[in-house]
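What follows is a single structure, written as structure tokens, with notes after it.
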Amino acid sequence: MTEQLPPEALVSRAAQLREELRYHNHRYYTLDDPLISDAQYDALLNELRAIEADYPSLRTVDSPTQRVGSAPLSRFPKVQHPVPMLSLGNAFGPDDLNAWLERVQKLLPPNTPLSFVVEPKIDGLAVALTYSNGVLTVGATRGNGEIGEDVTANLRTVSNVPLRIPVSGATPPERLEVRGEVYLPIAAFEALNERQAAANDKVFANPRNAAAGSLRQLDSSITASRPLRFFAYAVGPFAGIELTSQWQTLQLLREYGFAVNPDARHFDDWQAVLDYCHAWMERRETLAYEVDGVVIKINDFELQEQLGVVGRDPRWAIAYKFPAREETTKLLDIGVNVGRTGKLIPFAVMEPVEIGGTIVQHASLHNADYVISRDIRIGDTVVVKRAGDVIPYVVGPIPAGRDGSEQPWRAPTLCPACGQPVERLPEEVDIYCVNADCPAQLVRTLEHWVSRGAMDIVGMGERQAQQFVEWGLVRTIPDLYRLTAADFAEREGYAEKRVENLLTAIAESKSRPLERVITALGIRGVGSVGAVDLARHFGSLDALAAAGEAELTAIEGIGPNTARSIVDFFATPANQQLLADLQALGVRSAADAAAQPLGTTLAGKTFVITGTLPDVSRDAARELIEANGGKVTGSVSQKTDYLLAGEAAGSKLSRAQQLGVAIIDWAQLQALIG
Ligand code: JCF
């Protein structure tokens, strides 16, 4: 078959892609300092692959599509891998996985029985450890798969890399090369970045880069100071042992003393493989380390041999890649919000970017210190992360992407809302507006007061809170209960009927149960769960206000900091005035009958609620549990009887699984109550 001459435009596009890919490849693999996200890199690579597939004559021997990885730095001795270290082809959904299985089946005799080994794909860097008569002699990075770097001294510092095998002391194999992934746990990555930022050192974009940067230190004492870990997942050349399958290999490696991923599974059934892959999409959040997909391998080594390898990708294995949770984009501006307590919170305004199916254009910058210590500048290309149910946040800048036009940010010295000077307490990373009359604080306080978990005033939200403060209608919370229809005369968007509904909703909120009033007060450390404990214990605001720290800390769930902040709250004259005004206006301050249990079906049972429930809010679920005599707490422990789990449940779910706590859904809860 003769190929048509490729159009000029494609010839030059292919050349351009190759050059860009080579550049980014070098930054990523050799310098551990990528300029673009993995997803962006993959998009470029896929575009080039597509062009080369249509016009094979454009496929040069040195095209990045023909080789994964890059040349090692010259500073470490090079190591030739006796058997090349493979990479993995990618699948991005069940269709890709099914297509892979079909290809495998086509290449094998009809009806060959297949079994699969599935394991989470660790986002670290691949290494090969050579053991001669049981002693670790050489440790090398993967490099380009053919030639890696000798980082033996550094690998020896990785605490769970065995220096001698087997652990049992039994006779070692004559020769064994163990392959696996070196990684940095997420908590260690975050702690490392904190330290790096504090020391004005480079902040790593992700745990993978941090692991690579740590392993490729010429000074191995630096490597030793980073808590790297290793998971073994394959073997290279070996002599003196017999291995016939991937599953058997994992068992042997574990016996020898290697860490093998506890979540590796062996399945005969393809549907079980697909289900397991799917389950990992959510479970990935629960691990202490970063996982970017799932690896699926044909178990039997003979079948692996028959299937063979194309380029660097084995036909007998595939990586099912999860949607990326990290992207790079441009930081357009840094805004500052004023919180309910007056805390100034910087946030990033960015060029919109899609992360895991959601368009993100705002992200947290945590606090002023974070922005300054990481030297995040307006105009920078930044790494943004969106994981699980946390608010997207900026991980850090990519300084190499700067062109000089970026503007360093300075922490505000005046409150952006009221213009009064801000304060910073020594030893604290946060800046506060301490003006008690700051309108932004009032808006936030009001917003919180009317919110669903607090006084639940329907028809009021952020916008109304903003307007009422702006129009001077509300200067304190009690003002809310002094509003009349006349206040809204002639105001756009406030027709007669709407005002009537709003005033009714405000009036109705006066009889909310005590725990909601306590929640609404917004005492630092007291959330809706703590408020229930306090309401149960004290029965009235007056009793709570009179409590001392000792009595408060004796209540389960109330720690010393919260106890202190409760006492401080009620000791503050402005708050005493607030409570007196509310009482005078008819906001109830005694325990409501509804707060007492209606039923006792759940008496003595402790629940934790997590995830998104169908049709009901978590607050409503909590009220239902409490109305039936049950107790709801915030975290899973030995004492938890049930975890009520909804969609996208995260770490609480895995903790409950670990502790063997019964996990129920909304329908099961209703069934329990009857
Ligand atoms: O966890 C991994 N990152 C991982 C990478 C696991 C594996 O079983 C792999 C791999 C890369 C290549 N297996 C191959 C063949």
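Treat the numbers as computed from the prediction; the structure is a model and nothing was measured. Atoms within each ligand, like the ligands themselves, are counted from 1 in listed order.
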Check: Less than 6.0 Å separating the ring centroids of Tyr289 and Phe231?
Finding: yes

Next item on the list: Test Ser654 against Arg283 for side-chain hydrogen bond (donor to acceptor under 3.5 Å, both in side chains), laying out the working first.
Entry: CA-CA 8 Å; Ser654 61; Arg283 271 194 76 191; over 6 Å; no

Checklist line | Member of Phe267, Trp247, Trp270 meeting the ring-ring contact (aromatic ring centres under 6.0 Å, His included) criterion with Phe116 | finding: Trp270

Margin query: Just to be sure I understand the cut-off, which residues have at least one non-hydrogen atom under 4.0 angstrom from an atom of ligand 1?
Written below: Leu86, Leu88, Glu119, Pro120, Lys121, Ile122, Glu181, Tyr233, Val295, Lys297

Check: Does a donor on one side chain and an acceptor on the other come within less than 3.5 Å for Tyr183 and Glu290?
Finding: no

Let me check something: any side-chain donor-acceptor pairs from residues 238-245 under 3.5 Å, sequence neighbours excluded? List them with distances.
{"from": "Thr244", "atom 1": "OG1", "to": "Gln248", "atom 2": "OE1", "distance (Å)": "3.0"}
{"from": "Ser245", "atom 1": "OG", "to": "Gln248", "atom 2": "N", "distance (Å)": "3.1"}

Margin query: Given Leu331, which partner from the list Ile376, Val384, Thr381 fulfils the side chain to side chain contact (heavy atoms under 4.5 Å, CB included) test?
Written below: Ile376

